[in-house]
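Inspection log for the structure reproduced underneath, given as structure tokens.
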Amino acid sequence: MDRENITVAKSRSRREITVYECDSCGERSLGEQRCLECHTFMRRVGIGGHCPSCDESVAISELAGTEFIVGS
């Protein structure tokens, strides 16, 4: 019986493109899971980046009004 080899692609970290927000102080960060102010772990808001106007971390879902899921 011949078997076909299956190659599974390596998963990539999405942390560097993920926006996180601190539940305690509201501070946001791109790619950093720990709040620099409170020293606690932040919750994931979604995939995003820095706003070109104000340089704040913003999730794509907030701009588009829908949730985005990044495929593997």
Side-chain angles (χ1 to χ4, degrees):
M1 177 184 340
D2 290 337
R3 290 190 173 180
E4 187 176 323
N5 290 333
I6 299 173
T7 304
V8 178
K10 285 186 176 181
S11 64
R12 293 186 215 163
S13 174
R14 295 186 187 112
R15 186 172 17 154
E16 64 269 2
I17 59 169
T18 302
V19 176
Y20 297 94
E21 183 174 49
C22 179
D23 286 330
S24 298
C25 70
E27 186 71 27
R28 282 192 167 197
S29 179
L30 181 64
E32 289 293 325
Q33 294 177 302
R34 228 171 139 78
C35 180
L36 298 175
E37 300 294 319
C38 301
H39 306 288
T40 59
F41 283 101
M42 299 189 276
R43 69 177 169 80
R44 180 183 177 272
V45 176
I47 302 299
H50 291 294
C51 174
S53 297
C54 65
D55 205 36
E56 291 289 322
S57 297
V58 63
I60 295 170
S61 60
E62 295 172 318
L63 297 174
T66 186
E67 181 66 26
F68 284 85
I69 300 171
V70 178
S72 50

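This chain uses plain numbering: 1 for the first residue, then up along the sequence.
Side-chain N or O atoms of R34 include one that pairs as donor or acceptor with a backbone N or O of H39 at under 3.5 Å.
In this structure, CD in E16 is found 9.0 Å from CD1 in I47, a value given to the nearest 0.5 Å. Note that SG of C22 is 13.5 Å distant from CD of E32, once rounded to the nearest 0.5 Å.
L30 approaches G48 most closely through the heavy-atom pair CD1-O, 3.9 Å. The heavy-atom pair separating C35 from C25 by the smallest distance is SG-SG, 3.7 Å. When all heavy atoms of V19 and A59 are compared, the pair lying nearest together is CG2-N, 4.0 Å. The shortest heavy-atom contact between E21 and R28 is OE2-NE, 3.3 Å. Between S29 and M42 the shortest heavy-atom distance is CB-CE, 3.5 Å.
No continuous path of hydrophobic side-chain contacts links Y20 to I17 [ILVMFWY only; heavy atoms under 4.5 Å].
Atom CD of E56 has 12 or fewer neighbouring heavy atoms from other residues, nucleotides or ligands inside a 6.0 Å radius.
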